[in-house]
Amino acid sequence: MSISLYNSLTRRIQPFSPLDPRRVTMYLCGPTVYNYVHIGNARGPVVFDVLARLLRRHYPQVVYARNITDVDDKINAAALEQGVPISAITDRFAAAYREDMAGLGIGPPDIEPHATAHIGEIVAMIQSLIAGGHAYAAEGHVLFNVDAYPAYGALSGRDTEELIAGARVEIAPYKQNPADFVLWKPSTPELPGWDSPWGRGRPGWHIECSAMSAAHLGETIDIHAGGIDLLFPHHENEIAQSTCAHGGKMFARWWMHNGMLTFDGRKMSKSLGNVLLVRELLRRHPPEALRLLLLRGHYRQPLDWSDSAIAQAISTLDGWYRVLRDLAAVALPAGPLPVPARLEAALCDDLNTPQALAELAVLADAARQHGSAEGKAELLGGGALLGLLQQDPQAWFQRGGDEVDGERVERLLEERRAARAARDFARADAIRSELTAMGVAIEDSAQGTRWSAAKT
RNA sequence: GGCCAGGUGGCAGAGUGGUCAUGCAGCGGCCUGCAAAGCCGCGUACGCCGGUUCGAUUCCGACCUUGGCCUCCA
């Protein structure tokens, strides 16, 4: 089954094939670690985690890099404000980021490069850009010269003329062309900085991704991914730098961009202040429902976040886990879990996760009706490719159980069983009400009464 | 203003030139002491106006409208 992926560069879906069929290289723009990430920041990591899972099935090796940007003016501002070295900020939030991503069921990347560990590569890349006439030093800064790269704007569909006309920022006097962007900037003594041929300074925003991508994945990579809001200027600038630094070699063969997560119809963003932290959501809701929610829309479309959407995701998972719970005693066939063809086909079609989830629903139905080991295996196998349905059903249904006194529940259930046996239904219903008040839902079945204490 | 992506049933959200999305919610029935779950069934969805076509939600054009980028941003 071949994979087709939309390429922002060509604006069309193309059959995917890596440069080296034995080794796929993929880079995702990671966070700048100066505070906790919000759920919008997690969409790309979740979506591209599914892509990584899919690619690993198709190719012998996938090298997936997701960077940490740990040098940046916002980090500096936070460090100055708190009177601590920047590493105190970046270490803390990089660790928090890993925890948050793991909480959403995202597998760790193969490589997690840090910008500060690549200053040498960054300086070298800037030197080669200057040597090639693609960059120039001015007043302690080094700037990329967009006029020296005629293809500038190809990714975002802009030309430099219109960029200048529409520029809403004040243009620094040392720029030759207003669209030129900073590769290196000088640091004052209180700011972090590294020695360089242009004095003590620090890298500009875009250069670190170019340097780290080349250092770990090579000069030409297969897939470069990120949020659509990074398409310009970040990715446009990365292309310009990398291409010019590597003698015109293509930088990334596929550019993939996830749509924005919205909240009340507006982009969730720190500057608008309408953010929900992943950390907070993980504490309040079942993590798997959050992941499911992020996969319920096609990755290129906007996706609106809401409490009712979370509730829907939980209900959906309730149904699927109910099937798995009913099949708990059914032994799985030996060997690895199968991957259902229709579900995989949906993912191969430009990562159509909504379609894949529809297929998963069909598989859940089939498993419930047939009660077979094969059905169970297919449901689990399909779920695994999406990073869903891998926990113990019992754990899913009793995830709020920390606050519930299990022994008391069992005692009440036994009492209710006796009342029902004596046909004292008034008493039985009173006990059920009591359990409901405790946040415990019950379900009578041929195998006895089940209970669940699930948080929303 | 420029560039880009959308507007699908109560909600979410795929998809297609001509019988099925899917999930959640709702309604009717079966089952159940009653619930819950399960099972069976139900609801004339494709922004608006033209055009192409035997036939358009799906293709083309105009219009209305929502959002993203053009500044930090996943």
Side-chain angles (χ1 to χ4, degrees), chain A residues 8 11 28-32 34 37-48 66 72-74 153 156-159 161-170 179 205 225-236 257-262 265-272 275 278 292-306 308-320 322-323 325-326 346 349 352-365 368-369 419-420 423-426 428-429 432-433 436 441-446 449-452:
Chain A
S8 302
R11 297 183 193 187
L28 174 68
C29 285
T32 299
Y34 65 96
V37 293
H38 61 72
I39 190 68
N41 295 309
R43 189 179 187 190
V46 167
V47 161
F48 296 112
R66 188 183 68 199
D72 168 89
D73 286 349
K74 283 179 178 156
S156 56
R158 299 158 207 263
D159 56 58
E161 302 266 321
E162 97 192 14
L163 281 174
I164 297 156
R168 286 192 271 152
V169 268
E170 204 177 321
W205 173 35
I228 186 74
D229 54 349
L230 294 185
L231 189 132
F232 186 90
H234 186 55
H235 290 162
E236 193 71 73
H257 294 99
N258 62 275
M260 295 295 99
L261 191 75
T262 61
R266 291 215 97 83
K267 177 186 174 184
M268 188 180 286
S269 75
K270 289 166 191 166
S271 40
L272 281 173
V275 301
V278 171
L292 171 62
L293 187 37
L294 290 174
L295 294 173
R296 280 202 350 179
H298 184 85
Y299 78 95
R300 282 192 280 124
Q301 297 304 129
L303 179 70
D304 197 51
W305 191 267
S306 67
S308 76
I310 296 173
Q312 285 191 18
I314 292 170
S315 295
T316 301
L317 286 167
D318 276 343
W320 294 344
R322 207 139 41 209
V323 173
R325 183 182 60 184
D326 290 344
D349 179 17
N352 192 338
T353 54
Q355 185 61 46
L357 289 168
E359 299 297 346
L360 201 61
V362 171
L363 292 171
D365 248 6
R368 178 171 48 232
Q369 295 189 1
R420 291 181 71 213
R423 302 193 69 75
D424 180 358
F425 297 120
D429 290 350
R432 181 163 58 202
S433 301
T436 304
I442 64 170
E443 212 178 293
D444 295 324
S445 78
T449 300
R450 293 190 177 110
W451 65 279
S452 58

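Letters go in sequence order (proteins before strands), and every chain restarts at 1.
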Worksheet item: Looking across every strand, which nucleic acid part, if any, lies under 4.0 Å from A:L28 by heavy atom: base, sugar-phosphate, or nothing?
Response: nothing

Worksheet, complete the sentence: Separation of B:G23 atom P from A:L363 atom CG, nearest Å, is 12 Å

Worksheet item: Is there side-chain contact between A:L294 and A:L261, with heavy atoms separated by less than 4.5 Å?
Response: yes

Worksheet item: Taking the inter-plane angle between the rings of A:F48 and A:Y299 on a 0 to 90° scale, is it parallel (under 30°), tilted (30 to 60°) or perpendicular (over 60°)?
Response: perpendicular

Worksheet entry | Gap in Å between the two C1' atoms, one belonging to B:C27 and one to B:G43, rounded | 8 Å

Discussion item. With a 4.0 Å cutoff (strictly under), does any side-chain N or O of A:K267 reach OP1 or OP2 of B:A74?
Written reply: no

Worksheet, complete the sentence: Heavy-atom nearest pair, A:H257 first then A:G227, reads CD2-O, 3.4 Å

Fill in: Selection from B:A74, B:A37, B:A25 that lies nearest to any side-chain heavy atom of A:S315
B:A25

Discussion item. Could you tell me how far B:U8 sits from B:A14 if I compare only their P atoms? Round to whole Å.
Written reply: 11 Å

Discussion item. Using a heavy-atom cut-off of 4.0 Å across all strands, would you classify A:G227 as base, sugar-phosphate, or nothing?
Written reply: sugar-phosphate

Worksheet item: Which whole-number value in Å describes the distance from A:D318 CG to B:A36 C1'?
Response: 12 Å

Worksheet item: Does a distance-only test, which skips hydrogens and angles, find a donor-acceptor pair under 3.5 Å between the side chain of A:R420 and the base of B:G33?
Response: yes

Practice prompt. Among the candidates B:A74, B:C72, B:G68, find the nucleotide nearest to the side-chain atoms of A:C29.
Written response: B:A74

Worksheet entry | Between B:U71 and B:U53 - C1' atom distance, rounded Å | 48 Å

Worksheet item: Base, sugar-phosphate alone, or nothing: which one does A:D444 contact when heavy atoms must sit under 4.0 Å apart?
Response: base

Worksheet item: Using a cut-off of 4.0 Å on non-hydrogen atoms, how would the nucleic acid contact of A:G40 be classed: base, sugar-phosphate, or nothing?
Response: base

Discussion item. Can you check the distance between B:U58 and B:G18, where both ends of the measurement are the C1' atom (answer in whole Å)?
Written reply: 11 Å

Item to complete: Would you check if A:T262 and A:M268 make a side-chain contact, meaning some heavy-atom pair closer than 4.5 Å?
Response: no

Worksheet item: Choosing from B:G13, B:A37, B:C70, which nucleotide comes nearest the side chain of A:R322?
Response: B:A37

Worksheet entry | Listed nucleotide nearest any side-chain atom of A:Q355, set B:A74, B:A21, B:G33 | B:A21

Discussion item. Determine whether a donor-acceptor pair (one donor, one acceptor, N or O, separation below 3.5 Å) exists between the side chain of A:D429 and the base of B:G33.
Written reply: yes

Worksheet item: How do A:S156 and A:L261 order along RNA chain B: which one's closest nucleotide is nearer the 5' end?
Response: A:S156

Fill in: Which nucleotide in B:G33, B:G68, B:A14 has an atom nearest any side-chain atom of A:M260
B:G68

Worksheet entry | Side-chain heavy-atom pair A:K270, A:N41 within 4.5 angstrom cut-off | yes

Discussion item. Should the side chain of A:R432 and the base of B:C34 be counted as holding a donor-acceptor pair, with the cut-off at 3.5 Å?
Written reply: yes

Practice prompt. Can you tell me, in whole Å, how much space there is between the P of B:C59 and that of B:G7?
Written response: 11 Å

Worksheet item: Counting side-chain heavy atoms from C-beta on, which of B:C11, B:A74, B:C69 comes nearest to A:R158?
Response: B:C69

Worksheet entry | Rounded distance (Å) that lies between atom P of B:C70 and atom CG of A:L231 | 10 Å

Worksheet item: Taking N and O atoms by type only, does the side chain of A:Q301 place a donor or acceptor under 3.5 Å from a partner on the base of B:G6?
Response: no

Discussion item. Would the distance check show the side chain of A:S269 and the main-chain N or O of A:L272 forming a donor-acceptor pair, the cut-off being under 3.5 Å?
Written reply: yes

Item to complete: Using atom CG of A:L293 as one end and atom P of B:C24 as the other, report the distance to the nearest whole Å.
Response: 14 Å

Discussion item. Any side-chain N or O of A:R300 below 4.0 angstrom from OP1/OP2 of B:C4?
Written reply: no

Fill in: Nearest-angstrom distance, P atom, B:U44 to B:A21
13 Å

Worksheet entry | Distance in angstrom units between A:H38 NE2 and B:A74 C1', rounded | 7 Å

Discussion item. So A:G265, base contact, sugar-phosphate only, or nothing? Heavy-atom distance under 4.0 Å.
Written reply: sugar-phosphate

Practice prompt. Please state how far atom CD in A:E359 lies from atom C1' in B:A21, giving the value in whole angstrom units.
Written response: 9 Å

Worksheet entry | Close side-chain approach of A:P45 and A:L28, heavy atoms under 4.5 Å | yes

Worksheet item: According to a strict under-4.0 Å criterion, is A:Q369 in side-chain N/O contact with OP1 or OP2 of B:C39?
Response: yes

Worksheet entry | Nucleotide pairing, RNA chain B (Watson-Crick or G-U, distances under 3.5 Å), in dot-bracket with [ ] and | | (((((((..(((.....[...))).(((((.......)))))....(.(((..]....))).))))))))....

Practice prompt. Can you check whether any acceptor in the base of B:C72 is under 3.5 Å from a donor in the side chain of A:D229, or vice versa?
Written response: no

Worksheet item: At under 4.0 Å, does any side-chain N or O of A:R296 touch on OP1 or OP2 of B:G23?
Response: no

Fill in: Whichever of A:R266 and A:L357 has its nearest RNA chain B nucleotide further upstream toward 5'
A:L357

Worksheet item: On a whole-Å scale, what distance lies between the P atoms belonging to B:A37 and B:A25?
Response: 8 Å

Worksheet entry | Side-chain heavy atoms of A:L303 within contact of A:R43, under 4.5 Å | yes

Worksheet item: For A:T316, which contact category applies under a 4.0 Å heavy-atom criterion: base, sugar-phosphate, or nothing?
Response: sugar-phosphate

Worksheet item: Reckon A:N258 touches a base, only the sugar-phosphate, or nothing at all at heavy-atom distances under 4.0 Å?
Response: base

Worksheet entry | Value in whole Å for how far the P atom of B:G68 lies from CD of A:E236 | 21 Å

Worksheet entry | B:U19 to B:G55 separation - P atoms, rounded to the nearest Å | 15 Å

Practice prompt. Return the value, rounded to whole Å, for the distance between atom CH2 of A:W320 and atom P of B:G38.
Written response: 14 Å

Worksheet item: Is the shortest heavy-atom distance from the side chain of A:F232 to the side chain of A:R158 under 4.5 Å?
Response: yes

Practice prompt. Check whether any side-chain heavy atom of A:Q312 lies under 4.5 Å from a side-chain heavy atom of A:R296, and answer yes or no.
Written response: yes

Discussion item. With heavy-atom distances below 4.5 Å as the criterion, would you say the side chains of A:P302 and A:M260 are in contact?
Written reply: no

Worksheet item: What is the nucleic acid contact for A:A309, judged by heavy atoms within less than 4.0 Å: base, sugar-phosphate only, or nothing?
Response: nothing

Worksheet item: Between B:A25, B:G23, B:C72, which nucleotide has the shortest distance from any of its atoms to the side chain of A:P233?
Response: B:C72

